[in-house]
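Below is one structure, written out as structure tokens; the observations come after it.
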Amino acid sequence: MQSAEILLQPGVFPRLLQGLWVTVWIAGVSVGASVPVGLLVGWLMTLRNPIVRAVMRVYLDFIRIMPQLALLFLAYYGFARWFNWNLDATGACVLVFVLWGGAELGDLVRGALTSIPKAQYESAYVLGLSPWQTFARVILPQAVRRMLPASVNLATRIVKTTSLAVLLGVVEVIKVGQQIIDVNRFQYPDGTLWVYGAIFFMYFIVCWPLSIVTRRLEKRWANG
Amino acid sequence: MFDWTFVERYAPFFVSGTLMTLFISVFGILLALAVGLVCAGVDTARIPVARQIVRVYIELSRNTPLLVQLYFLYFGLPKLGIVWSAETCAIVGLGFLGGSYMAEAIRGGLEAVPDVQRETAYVLGLSPMQSLSRVVLPQAVSTAVPGVVANVIFLIKESSVVSAIALADVMYMAKDLIGMYYSTYESLFMLVVAYLVILLPVSLFGTWLERRFDYAKR
């Protein structure tokens with residue numbers, strides 16, 4: 001039990017928090033960039049054009065069926081050879097998470113947009129609103145309500161999936177944990193348990209509030 | 001550029017990696033289903049203390065990544081004298097993660113059955129067991145199946161992470177071959193094919209199963 005003291009050593013906890021910050025940063029940038037991509041993808045998916053539809057279908061299905069780790073491998077190892085594009089590990093992570101988040105969010109946007117009754121568009125038109133006004137004032141507020149719970153849930157999944165960045169060599173919270181374990185191997189042979197336990201709870205503390213928000217929104221806007 | 005002879009020579013590696021992925025996934029999913037059934041049962045039956053424990057477990061499992069859970073099981077637990085093989089860790093990890101997702105799907109199915117159904121069965125003179133097996137479960141299954149199928153696919157995909165604790169699954173093979181021969185095209189090609197071969201049939205079977213159990217909407 002005294003090996004729990006590893007967490008109290010000077011510098012250990014601040015370093016873990018720094019690593020956590022890298023994780024949260026990747027997740028934050030990815031979620032942020034997914035929003036415009038998702039809106040664009042969702043809008044494209046509602047178009048009648050068969051070619052656009054087919055392309056979007058293949059994009060979404062491919063992203064859905066491949067494990068995120070496989071997508072990371074494709075970006076990190078594949079892009080370097082295919083396009084001579086040497087993405088660093090962090091860049092590959094952000095790219096994959098944006099493509100993935102954009103696809104999933106796009107599908108939510110599509111679902112929300114198509115679920116809004118035609119009468120809403122027609123009424124806005126009759127009231128003399130421009131197409132842009134109709135979208136911004138009438139359609140978007142209703143669509144956002146419908147897709148917000150699932151979108152926050154998607155954000156939780158992105159935060160959890162950033163843990164895979166360590167497998168491409170990004171120095172985030174898990175890697176920092178491994179370094180701390182290695183440095184203190186002789187002084188605290190049982191440190192592994194505590195460091196991984198601490199990381200486990202760090203992820204929990206980041207993701208849990210998002211889960212609670214999801215549940216609140218689901219309850220409040222269940223019939224929105 | 002693309003070397004087919006390489007694909008032919010190393011395809012057996014990917015087949016064995018794919019089998020490992022399937023082995024871990026199948027047992028992980030079975031464990032997850034068992035855990036999910038127990039948790040959903042405890043939650044719906046409103047058993048006092050057990051119910052709170054189940055809630056805590058579900059929150060912990062849903063809000064932490066599988067990779068961290070695996071590292072904790074594989075590297076952390078031996079310090080408490082619990083030494084499991086990588087296979088066991090992977091299956092327990094998938095069961096721990098998947099159990100909460102399955103529990104939510106099954107609970108959703110059970111809750112979707114209106115109380116009136118149970119009361120009617122009771123009034124008609126069915127025993128509790130009969131009303132469960134003849135009235136409640138068939139309807140609950142119909143609602144739960146889509147969620148359970150989605151979780152099965154999710155868990156097969158999540159199993160790609162087990163390569164991190166040195167299990168020779170299909171991800172591990174791809175990484176190994178890229179590292180050894182710099183055969184990026186061929187390895188990534190075989191990786192994509194392997195996952196398509198596993199997941200497309202599962203996804204199609206799932207859609208069929210959903211239609212098969214769709215009596216609530218018929």
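Letters A, B, ... are given to chains in the order of the sequence lines, protein chains preceding strands, and every chain is numbered from 1.
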Heavy-atom pair count under 4.5 Å with chain A, highest-scoring of B:Leu188, B:Leu191, B:Leu199 = B:Leu188

Pick from A:Thr156, A:Val166, A:Ile174, A:Val206 with the largest number of heavy-atom pairs that fall under 4.5 Å of chain B = A:Ile174

Under 4.5 Å heavy-atom distance to chain A, tell me which part of B:Leu60 shows up: side chain, backbone, both or neither.
-> both

Rounding to 0.5 Å, atoms CG (A:Leu193) and CZ (B:Phe75) come to a distance of 13.5 Å

Quick check: are there more than 12 heavy atoms from other residues, nucleotides or ligands sitting under 6.0 Å from CZ of B:Arg55?
-> yes

Euclidean distance, A:Phe73 CZ relative to B:Met171 CE, rounded to 0.5 Å = 4.0 Å

Residue from B:Val192, B:Val170, B:Ile153 scoring the most non-hydrogen pairs under 4.5 Å with chain A is B:Val192

Other residues, nucleotides, ligands: >12 heavy atoms within 6.0 Å of A:Arg216 CZ | no

Sort A:Arg157 into side chain, backbone, both or neither according to what part of it lies under 4.5 angstrom from a heavy atom of chain B.
-> neither

Can you tell which part of B:Ile156 gets under 4.5 Å to a heavy atom of chain A, answering side chain, backbone, both or neither?
-> neither

Could you state the interatomic distance from CG (B:Asn63) to CD1 (A:Ile205), rounded to the nearest 0.5 Å?
-> 11.0 Å

So, for A:Met66 and B:Tyr195, which heavy atoms are closest and what is the spacing to 0.1 Å?
-> CE-CB, 3.7 Å

Check whether B:Ser163 gets within reach of chain A through its side chain, its backbone, both or neither, counting any heavy atom under 4.5 Å.
-> side chain

A:Ile51 atom CD1, over 12 foreign heavy atoms within 6.0 Å = no

Considering non-hydrogen atoms only, spot the tightest contact between A:Thr192 and B:Lys79 and give its length.
-> OG1-CE, 3.1 Å

A:Lys160 and B:Glu158 ion-paired at < 4.0 Å = no

Can you tell which part of B:Tyr182 gets under 4.5 Å to a heavy atom of chain A, answering side chain, backbone, both or neither?
-> both

Reference residue A:Ser163; test side-chain contact (heavy atoms from CB on, under 4.5 Å); the match among B:Thr64, B:Leu66, B:Leu67 | B:Leu67

Looking at A:Phe201, A:Tyr196, A:Phe62, A:Trp82, which has the largest count of heavy-atom pairs under 4.5 Å with chain B?
-> A:Tyr196

Any chance CG of A:Asn84 has more than 12 other-residue heavy atoms, nucleotides or ligands included, within less than 6.0 Å?
-> no

Hey, which of A:Asp61, A:Leu74, A:Thr161, A:Val173 has the most heavy atom pairs under 4.5 Å with chain B?
-> A:Leu74

Looking only at heavy atoms, the pair that brings B:Ala164 and A:Leu167 closest together is CB-CD2, 3.7 Å

Other residues, nucleotides, ligands: >12 heavy atoms within 6.0 Å of A:Tyr59 OH | yes

Is chain A contacted by the side chain of B:Val202, its backbone, both, or neither, given a heavy-atom distance below 4.5 Å?
-> neither

Rounded to the nearest 0.5 Å, how far apart are CZ of B:Arg62 and CG of A:Asn153?
-> 6.5 Å

Heavy-atom pairs under 4.5 Å with chain B are the metric here; pick the option from A:Ala70, A:Gly197, A:Gly78 that has the most.
-> A:Ala70

Check the surroundings of atom CZ in B:Phe27: do more than 12 heavy atoms from other residues, nucleotides or ligands lie under 6.0 Å from it?
-> no

Compare every heavy atom of B:Lys157 with every heavy atom of A:Pro67, then report the nearest pair and how far apart it is.
-> CB-O, 3.4 Å

Give the minimum heavy-atom separation between A:Phe200 and B:Gln69, together with the two atoms involved.
-> CE1-CG, 3.7 Å

